[in-house]
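First up is the structure itself, then whatever we jot down about it.
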Amino acid sequence: MSYRIEIAQTKYITELPEISRVAAELFPVEDLPLALRSETNPIEVFEEALSEQKLWIAVDENQDKAVGFAFLSDKCGQLHLRELGVHPEHGRQGLGTNLLKNVIIWAKNQKYNQLSLTTFRHLPWNAPFYTKLGFKMIEQSKLNSCLNKLLDEESKGLDKSKRVLMSLNLNS
Ligand SMILES: CC(C)(COP(=O)(O)OP(=O)(O)OC[C@H]1O[C@@H](n2cnc3c(N)ncnc32)[C@H](O)[C@@H]1OP(=O)(O)O)[C@@H](O)C(=O)NCCC(=O)NCCS
């Protein structure tokens, strides 16, 4: 298999909601209820991230197809990872890690100070995966009201006690 990571090109973005949908099947039903797992971000959200140049994709070069993506938004005065997803058929080959590494290099070059995200605490491909890349969990009592609201929004329909906001210091 041969892959490349790049800032997204328009021709690949129609493939991204489907990657999001199948990647969601990795979550146990008790964490991500069935009713929520088909609720992918609509194509317009990917188009907006593309227009802001804040969307990265992993392309399977043999099939010329997108198989993973990461996209960002400015939230609460800092940079926020809105979604990271890799098609399970291409999982565990380092694509998720490489997408994030590309995002981090770009964010440092853009002089952002922090990169935040929200995730599940207990699933190995969530908080422990981000911890390996240097992200730290910020407990809810330490979040400002904007980040607390963001955690709430991104945990809608989920058990909030299993959710956490994580942040990476981009200056270190
Ligand atoms: C999270 C995700 C993007 C990781 O993509 P990936 O390409 O498989 O990631 P990597 O190959 O770089 O894996 C890095 C490490 O994460 C952990 N990991 C990833 N997938 C895992 C799985 N299914 N089970 C257990 N650990 C897993 C492992 O520690 C892995 O390292 P290893 O393979 O050397 O053991 C992918 O699993 C995914 O799309 N998940 C569903 C959506 C999601 O959880 N997004 C992030 C939520 S905030």
Side-chain angles (χ1 to χ4, degrees), residues 3-27 32-33 35-61 63-88 90-91 95-120 125-126 129-130 133 135 138 143-158 160 163-170:
Y3 299 102
R4 65 172 191 273
I5 308 280
E6 64 185 20
I7 291 258
Q9 300 174 44
T10 312
K11 70 171 186 168
Y12 296 111
I13 68 164
T14 53
E15 297 161 19
L16 304 186
E18 177 61 9
I19 296 172
S20 182
R21 195 191 61 73
V22 287
E25 289 172 11
L26 261 188
F27 292 103
L32 186 63
L36 291 184
R37 57 187 60 214
S38 55
E39 277 187 17
T40 62
N41 279 308
I43 195 75
E44 294 75 24
V45 171
F46 292 103
E47 283 168 349
E48 189 185 343
L50 175 75
S51 72
E52 292 175 357
Q53 297 275 284
K54 289 185 175 129
L55 171 63
W56 279 258
I57 54 170
V59 178
D60 171 349
E61 295 190 313
Q63 300 186 68
D64 191 27
K65 259 181 73 170
V67 295
F69 66 87
F71 77 95
L72 307 162
S73 287
D74 289 317
K75 293 269 182 192
C76 304
Q78 62 190 48
L79 192 62
H80 187 71
L81 180 72
R82 294 274 303 277
E83 191 177 352
L84 171 71
V86 170
H87 194 297
H90 301 266
L95 292 178
T97 301
N98 283 333
L99 279 160
L100 263 183
K101 284 185 172 167
N102 274 263
V103 162
I104 291 166
I105 291 169
W106 175 86
K108 285 184 174 176
N109 285 337
Q110 297 293 310
K111 309 283 181 227
Y112 281 99
N113 296 316
Q114 297 285 330
L115 173 61
S116 58
L117 59 88
T118 66
T119 195
F120 283 104
W125 58 93
N126 280 188
F129 161 70
Y130 292 114
L133 285 154
F135 285 81
I138 316 284
L143 296 177
N144 64 33
S145 59
C146 185
L147 290 174
N148 207 353
K149 192 161 160 253
L150 185 56
L151 177 62
D152 266 349
E153 281 167 9
E154 294 191 351
S155 305
K156 220 162 143 199
L158 308 174
K160 197 173 168 193
R163 304 277 301 161
V164 67
L165 187 135
M166 300 184 80
S167 190
L168 178 71
N169 180 353
L170 297 167

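For the single chain, residues carry numbers from 1 onward in sequence order.
Rounded to the nearest 0.5 Å, atoms CG (Leu143) and CG (Leu150) are 9.0 Å apart. For the atom pair CD1 of Ile19 and CD1 of Ile13, the computed distance is 11.5 Å after rounding to the nearest 0.5 Å. For the atom pair CE of Met166 and CG of Leu81, the computed distance is 11.5 Å after rounding to the nearest 0.5 Å. For the atom pair Leu95 CG and Ile57 CD1, the distance stands at 11.5 Å (nearest 0.5 Å). In this structure, the separation between CG on Leu147 and CG on Asp152 is 11.5 Å, given to the nearest 0.5 Å. Taken from CD1 in Ile43 to OG1 in Thr14, the straight-line distance is 6.0 Å, to the nearest 0.5 Å.
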**Request:** Show your working on side chain to side chain contact (heavy atoms under 4.5 Å, CB included) between Leu72 and Leu115 and close with a plain yes or no.
**Result:** CA-CA 9 Å; Leu72 307 162; Leu115 173 61; 3.9 Å; yes
**Message:** For Phe120 and Phe27: C-alpha separation, side-chain torsions, deciding distance, then whether ring-ring contact (aromatic ring centres under 6.0 Å, His included) applies.
**Reply:** CA-CA 10 Å; Phe120 283 104; Phe27 292 103; 5.7 Å; yes
**Request:** Could you walk me through whether Leu84 and Val103 pass side chain to side chain contact (heavy atoms under 4.5 Å, CB included), step by step?
**Result:** CA-CA 11 Å; Leu84 171 71; Val103 162; over 6 Å; no
**Request:** Just do the side chain to side chain contact (heavy atoms under 4.5 Å, CB included) check on Lys160 and Leu151 with the steps written out, would you?
**Result:** CA-CA 8 Å; Lys160 197 173 168 193; Leu151 177 62; 3.8 Å; yes
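Side-chain contact between Phe129 and Thr119 is absent, with no heavy-atom pair separated by less than 4.5 Å. The shortest side-chain heavy-atom distance between Trp56 and Trp106 falls under the 4.5 Å cut-off. At a threshold of 4.5 Å between non-hydrogen side-chain atoms, the residues Leu50 and Thr10 count as touching. Residues Val59 and Lys65 have side chains not in contact (no heavy-atom distance under 4.5 Å, counting atoms from C-beta outward). The closest side-chain heavy-atom distance from Glu153 to Thr118 is not below 4.5 Å.
Nearest heavy-atom pair across Pro33 and Gly157 is CG-O, 4.0 Å. A pairwise comparison of heavy atoms in Gly68 and Leu99 identifies C-CD1, 4.0 Å as the closest pair. Annotation for His80 and Ser116: closest pair ND1-OG, 2.7 Å, computed over non-hydrogen atoms. Here the closest non-hydrogen pair linking Ala107 and Leu79 is CB-CD2, 3.5 Å. Between Val22 and Pro88 the shortest heavy-atom distance is O-CG, 3.6 Å. When all heavy atoms are compared, the tightest approach of Leu32 to Arg37 is O-NH2, 2.6 Å.
Around the NZ atom of Lys101, the shell of radius 6.0 Å holds no more than 12 heavy atoms that belong to other residues, nucleotides or ligands. Heavy-atom neighbours of Lys156 NZ from other residues, nucleotides or ligands within 6.0 Å: at or below the threshold of 12.
No donor-acceptor contact under 3.5 angstrom links the side chains of Glu15 and His87, judged on distance only.
Using a 30° and 60° split on the angle between ring planes, Tyr130 and Phe135 fall in the perpendicular class, above 60°.
By the side chain to side chain contact (heavy atoms under 4.5 Å, CB included) test, Asn41 is found to be paired with Val45, Phe46, Phe71, Arg82, Glu83, residues two or more places apart in sequence or in another chain being considered.
The side-chain hydrogen bond (donor to acceptor under 3.5 Å, both in side chains) pairs that include a residue from residues 46-55 are Lys54-Asp74, where partners are two or more places apart or lie in different chains.
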